[in-house]
Amino acid sequence: MTRILVSKSNAIIPFISSFYILRSSSIRPYSSLKGKVGVRINVENEVKCLDDAVNLFNRMVRMKPLPSLPVFCKLLKTMINMKHYYAVISLFREMRKLDIPINEFILSNVINNYCLMHRVDCAFSLLPIHLKSGIPFNVVTFNTLIRGLFAENKVTDAVVLFKNLVREKICEPNEIMYGTVMNGLSKRGHTEKTLSLLRLMEQGNTKPNIYIYNVVIDAFCKDRNLDAAISILNEMKQKGIPPDIVTHNSLIDGLCKLGQWEKVKTLLSEMVNLNIYPNVRTFSILIDGLCKEGKVEDAEEVMRHMIEKGVEPNIITYSVIMDGYCLRGQVDRARRVFDIMIDKGIEPNIFSYSILINGYCKKKEVAKAMQLLGEISQRGLKPDIVTYNTIQQGLFDVGRIGDAKKIYAEMLSRGPVPNSSTHCILLKGYFRYGLVEEAMSLFNKLKINREDTNIELYNVVINGLCKNGKLDKAHAIFEKLSLIGLLPDVRTYNVMINGFCLQGLLDEAKSMLRKMKKNSCLPDNVTYNVFVQGFLRWSKFSEMRTFMVEMADGGFSFDASTAGFLVNVVRENPSVLDMIPELHSKNKY
DNA sequence: ATAGGGTTAG
């Protein structure tokens with residue numbers, strides 16, 4: 001399958017090269033703010049770091065008369081942009097203490113500041129100041145709060161707040177508020193609700209604009225539903241809203257991920273006809289698409305092309321190329337790209353390091369990965385959750401269990417907070433090396449703290465127990481899933497079925513298959529392969545024959561592991577070959 | 001004249 005896709009992407013290079021890209025140098029608007037009596041304060045020019053900001057603030061509060069509120073506002077905003085959230089809070093407190101007047105602009109900045117700190121609770125606690133000072137709430141304040149709720153994944157709270165604002169007519173939502181809610185929903189997988197809001201807007205007074213359409217189109221693209229995305233594209237065109245570079249980038253990304261290179265080309269020429277030229281994101285999307293298909297040379301050529309046209313690659317462009325080399329196992333080439341990037345004056349970030357560490361781990365060169373891990377802090381960076389998870393997986397893969405545990409301990413003491421993937425990696429690792437007690441002790445700790453209750457984690461534990469000969473314990477956990485409100489998915493059933501098959505309990509396995517069908521969980525290719533291996537293992541060849549006919553009818557086929565198993569069985573007992581029905585063209589693969 | 005909130009790539 002990959003081979004076909006690769007050949008489809010070949011023609012993209014000359015095609016892209018045929019573009020002529022115009023770049024106009026952007027001129028930063030001159031912005032200057034001054035106090036009431038001609039004291040010019042240009043916040044943007046004066047404030048380059050936290051010290052500058054605090055010094056300027058101290059100067060400002062001594063001026064008579066005080067600089068105007070927009071100057072204070074601009075200063076706070078500049079500090080927020082520099083992510084000095086704690087400092088913003090203390091300066092705001094200082095303003096209150098000095099009785100410096102505040103207004104809605106100052107307040108909404110401080111509210112936003114709390115939201116960006118992921119302290120939406122503190123943001124809400126500022127609302128009484130509005131009431132006390134007689135400053136009315138407005139759509140910006142509420143929009144900021146909604147965004148803050150989404151940022152902390154409080155989706156229900158965000159939607160409830162939005163609905164209340166509308167129902168109680170507290171404020172009229174504008175395009176931006178709709179956009180915030182729709183983006184929050186779409187990024188968390190609620191594409192249907194996002195679409196409903198679009199339809200609601202079309203009925204109401206606030207008509208959808210380009211931002212709104214872009215959110216909806218991107219949501220469909222992320223769902224790999226390009227037909228729906230393109231139908232929304234046509235709707236917006238019909239309403240006289242021309243798609244822009246963002247729209248095109250979303251669509252191109254969606255098409256690249258589906259390997260639909262012909263359509264990518266069509267879209268690229270359409271956008272150039274509209275005088276919309278590919279930017280660094282467009283090129284990074286194309287480069288990523290090529291890399292994911294193993295065509296890193298073509299990706300490099302697209303990169304040379306973009307540079308020729310005056311579009312400079314950024315850290316993300318280099319990242320996708322590095323990851324492309326790592327995917328092909330050429331981590332040394334990735335390392336060279338990393339060095340070239342540094343030579344060009346682009347500082348690596350934690351992504352760059354995680355990509356390389358992953359590359360080395362996949363090649364089982366864990367020592368090099370560990371060395372890079374050490375370099376991270378030397379550069380003033382911090383390993384994030386992905387870095388830690390990657391290195392732990394790498395350590396388990398080479399059997400360095402003690403070191404993996406040390407890394408986990410380091411996370412617990414210094415952060416980042418382990419997530420669900422971390423726990424899955426640890427549990428899988430323990431079970432893989434037969435450390436059942438270790439695994440169960442971690443699992444029980446997680447249960448007590450109610451940290452992780454997701455089906456994927458339970459799948460790991462059930463599978464681990466089955467593989468370590470503890471079928472009864474696994475089955476008991478499986479039976480209790482509904483008590484903790486978890487629904488088994490296809491993988492849960494597969495690991496249970498495999499557990500039964502390993503023990504020769506084929507009737508129990510079949511009853512589990514009936515159960516999953518009854519609970520409207522459709523068996524997948526893995527389910528069928530697990531059964532075939534079970535029949536083979538216990539020499540139930542005639543049952544296997546019946547089963548394989550059903551399998552072929554469903555369009556399923558052997559995977560590599562079953563095929564290998566079968567070859568071994570046939571070598572021992574050639575007559576098994578006669579028991580295999582011919583699997584015709586119904587096969588999916 | 002001035003200031004605050006929304007969309008796309010690893």
Side-chain angles (χ1 to χ4, degrees), chain A residues 31-36 40-43 67-78 80-81 102-113 115-116 123 135 138-148 150 171 173-184 186-187 194 208-219 221-222 229 243-254 256-257 276 278-289 291-292 299 313-324 326-327 334 341 348-356 358 386:
Chain A
S31 96
S32 139
L33 298 165
K34 56 184 179 180
K36 277 178 187 164
R40 296 169 66 97
I41 300 173
N42 188 327
V43 178
S68 69
L69 280 184
V71 181
F72 280 99
C73 192
K74 184 84 194 166
L75 176 61
L76 294 182
K77 178 68 183 142
T78 306
I80 291 172
N81 287 342
I102 52 167
N103 62 10
E104 54 183 319
F105 295 100
I106 302 278
L107 270 176
S108 62
N109 266 306
V110 180
I111 287 175
N112 190 29
N113 183 72
C115 289
L116 292 168
I135 299 166
N138 62 34
V139 65
V140 178
T141 314
F142 286 117
N143 189 52
T144 308
L145 288 166
I146 289 174
R147 192 171 154 82
F150 274 120
C171 76
N174 58 12
E175 294 96 331
I176 295 183
M177 186 175 274
Y178 275 105
T180 304
V181 175
M182 291 167 76
N183 187 44
S186 73
K187 290 289 178 296
T194 309
N209 60 11
I210 179 86
Y211 279 87
I212 298 291
Y213 280 109
N214 284 346
V215 168
V216 179
I217 287 174
D218 190 61
C221 288
K222 292 281 187 304
D244 64 2
I245 182 75
V246 177
T247 326
H248 283 91
N249 285 346
S250 289
L251 289 163
I252 290 171
D253 189 44
C256 282
K257 292 201 160 78
I276 303 165
N279 62 13
V280 62
R281 286 182 192 241
T282 324
F283 284 116
S284 299
I285 288 164
L286 292 169
I287 289 171
D288 187 40
C291 284
K292 292 288 184 295
N314 63 16
I315 189 153
I316 299 182
T317 324
Y318 285 106
S319 292
V320 297
I321 296 255
M322 283 167 55
D323 199 41
C326 289
L327 275 171
M341 180 182 88
N349 62 15
I350 193 59
F351 273 85
S352 334
Y353 277 101
S354 295
I355 288 166
L356 278 184
N358 181 49
V386 176

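Note that this is a predicted model, so its numbers are computed, not measured. Each chain gets a letter, A, B and so on, in the order the sequences are listed, and its residues count up from 1.
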Query raised in the report: Is any side-chain N or O of Arg147(A) closer than 4.0 Å to OP1 or OP2 of dG4(B)?
Result: no
Query - Shortest non-hydrogen separation from Pro348(A) to Met341(A) and the atoms involved - result: CA-CE, 3.6 Å
Query raised in the report: Does any N or O donor sit under 3.5 Å from an N or O acceptor when you compare the side chain of Asn174(A) with the base of dG5(B)?
Result: yes
Query raised in the report: Which residues satisfy the side chain to side chain donor-acceptor pair (under 3.5 Å) test with Thr247(A), sequence neighbours excluded?
Result: Asn214(A), Asp244(A)
Query raised in the report: Does the side chain of Val71(A) reach to within under 4.5 Å of the side chain of Ser68(A), using non-hydrogen atoms?
Result: yes
Query raised in the report: Do any side-chain nitrogens or oxygens of Asn183(A) fall under 4.0 Å of OP1 or OP2 in dG6(B)?
Result: no
Query raised in the report: What nucleic acid atoms does Leu76(A) come within less than 4.0 Å of, heavy atoms only: base, sugar-phosphate, or nothing?
Result: nothing
Query - Proximal nucleotide (of dT8(B), dG4(B), dG10(B)) relative to the Val320(A) side chain - result: dG10(B)
Requested in this report: May I have the distance from Leu145(A) (atom CG) to dG6(B) (atom P), rounded to whole angstrom?
Outcome: 13 Å
Report task. Whole angstrom is fine here: how far is it from NZ in Lys74(A) over to C1' in dA1(B)? Result -> 14 Å
Report task. Figure out the OH/P separation between Tyr318(A) and dG10(B), and round it to whole Å. Result -> 18 Å
Report summary line: From CD1 of Ile41(A) across to P of dT2(B) the rounded distance in Å is 18 Å
Query raised in the report: With a 4.0 Å cut-off on heavy atoms, is Ile212(A) in touch with a base, just the backbone sugar-phosphate, or nothing at all?
Result: base
Query - Near-parallel close stack of Phe105(A) and dG4(B) base (under 5.5 Å, under 30°) - result: no
Requested in this report: Can you tell me the distance, in whole Å, between the CZ atom of Phe283(A) and the P atom of dT8(B)?
Outcome: 20 Å
Report summary line: Side-chain contact check for Tyr211(A): nearest option of dA9(B), dT7(B), dG4(B) is dT7(B)
Requested in this report: Tell me which nucleotide among dG5(B), dA3(B), dA9(B) gets nearest to the side chain of Thr144(A).
Outcome: dG5(B)
Query raised in the report: Taking N and O atoms by type only, does the side chain of Asn209(A) place a donor or acceptor under 3.5 Å from a partner on the base of dG6(B)?
Result: yes
Query raised in the report: Checking all strands, does Ile316(A) fall into the base, sugar-phosphate, or nothing category for heavy-atom contacts under 4.0 angstrom?
Result: base
Query raised in the report: Using a distance-only test with no angle check, is there a side-chain donor-acceptor pair under 3.5 angstrom linking Thr282(A) and Asn279(A)?
Result: yes
Query - Length of the CE-P vector between Met182(A) and dT8(B), whole Å - result: 13 Å
Report task. Determine, step by step, whether Thr141(A) and Asn138(A) satisfy the side-chain hydrogen bond (donor to acceptor under 3.5 Å, both in side chains) criterion, reporting the C-alpha distance in whole Å, the side-chain angles of both residues, the deciding distance to 0.1 Å, and the verdict. Result -> CA-CA 6 Å; Thr141(A) 314; Asn138(A) 62 34; 3.0 Å; yes
Query raised in the report: To the nearest Å, how far apart are Met341(A) CE and dG10(B) C1'?
Result: 11 Å
**Report entry** Side chain Asn143(A) and base dG6(B) donor-acceptor under 3.5 Å
**Finding:** no
Query raised in the report: Does a distance-only test, which skips hydrogens and angles, find a donor-acceptor pair under 3.5 Å between the side chain of Asn103(A) and the base of dG4(B)?
Result: no
Query raised in the report: Any idea which of dA9(B), dG4(B), dT8(B) is nearest the Ser108(A) side chain?
Result: dG4(B)
Query raised in the report: Nearest of dG10(B), dG6(B), dA3(B) to any side-chain atom of Ile176(A)?
Result: dG6(B)
Query raised in the report: Of the nucleotides dT7(B), dT2(B), dG4(B), which has the atom closest to the Lys77(A) side chain?
Result: dG4(B)
Query raised in the report: Between dT2(B), dG5(B), dT7(B), which nucleotide gets closest to the side-chain atoms of Ser68(A)?
Result: dT2(B)
Query raised in the report: Under 4.0 Å: is that the gap between some side-chain N or O of Lys292(A) and OP1 or OP2 of dA9(B)?
Result: no
Query raised in the report: Under the salt bridge (charged side-chain N to carboxylate O under 4.0 Å, His left out) test, which residues partner Lys77(A), sequence neighbours left out?
Result: none
Report summary line: Regarding the side chain of Glu104(A), the nearest nucleotide among dT7(B), dG4(B), dG6(B) is dG4(B)
Report task. Would you mind classifying the nucleic acid contact of Asn349(A) as base, sugar-phosphate or nothing, using non-hydrogen atoms under 4.0 angstrom? Result -> base
Report task. Would you mind classifying the nucleic acid contact of Asp218(A) as base, sugar-phosphate or nothing, using non-hydrogen atoms under 4.0 angstrom? Result -> sugar-phosphate
Requested in this report: Output the single nucleotide from dT7(B), dG10(B), dA9(B) whose closest atom is nearest the side chain of Val246(A).
Outcome: dT7(B)
Query - Presence of donor-acceptor pair under 3.5 Å, side chain of Ser319(A) and base of dG10(B) - result: yes
Query raised in the report: Just wondering, do Asn109(A) and Cys73(A) contact through their side chains at under 4.5 Å, heavy atoms?
Result: yes
Query raised in the report: Across the strands shown, which category fits Val139(A) at heavy-atom distances under 4.0 angstrom: base, sugar-phosphate, nothing?
Result: base
Report task. Examine the base of dA9(B) for any acceptor or donor lying under 3.5 Å from a partner atom in the side chain of Asn314(A), and report the outcome as yes or no. Result -> yes
Query raised in the report: Can Ile210(A) and Val246(A) be said to form a side-chain contact (heavy atoms from CB on, under 4.5 Å), step by step?
Result: CA-CA 9 Å; Ile210(A) 179 86; Val246(A) 177; over 6 Å; no
Query raised in the report: Starting at CG of Asp244(A) and ending at P of dG6(B), how long is that distance when rounded to a whole Å?
Result: 17 Å
**Report entry** Short side-chain N/O contact from Lys222(A) to OP1 or OP2 of dA9(B), under 4.0 Å
**Finding:** yes
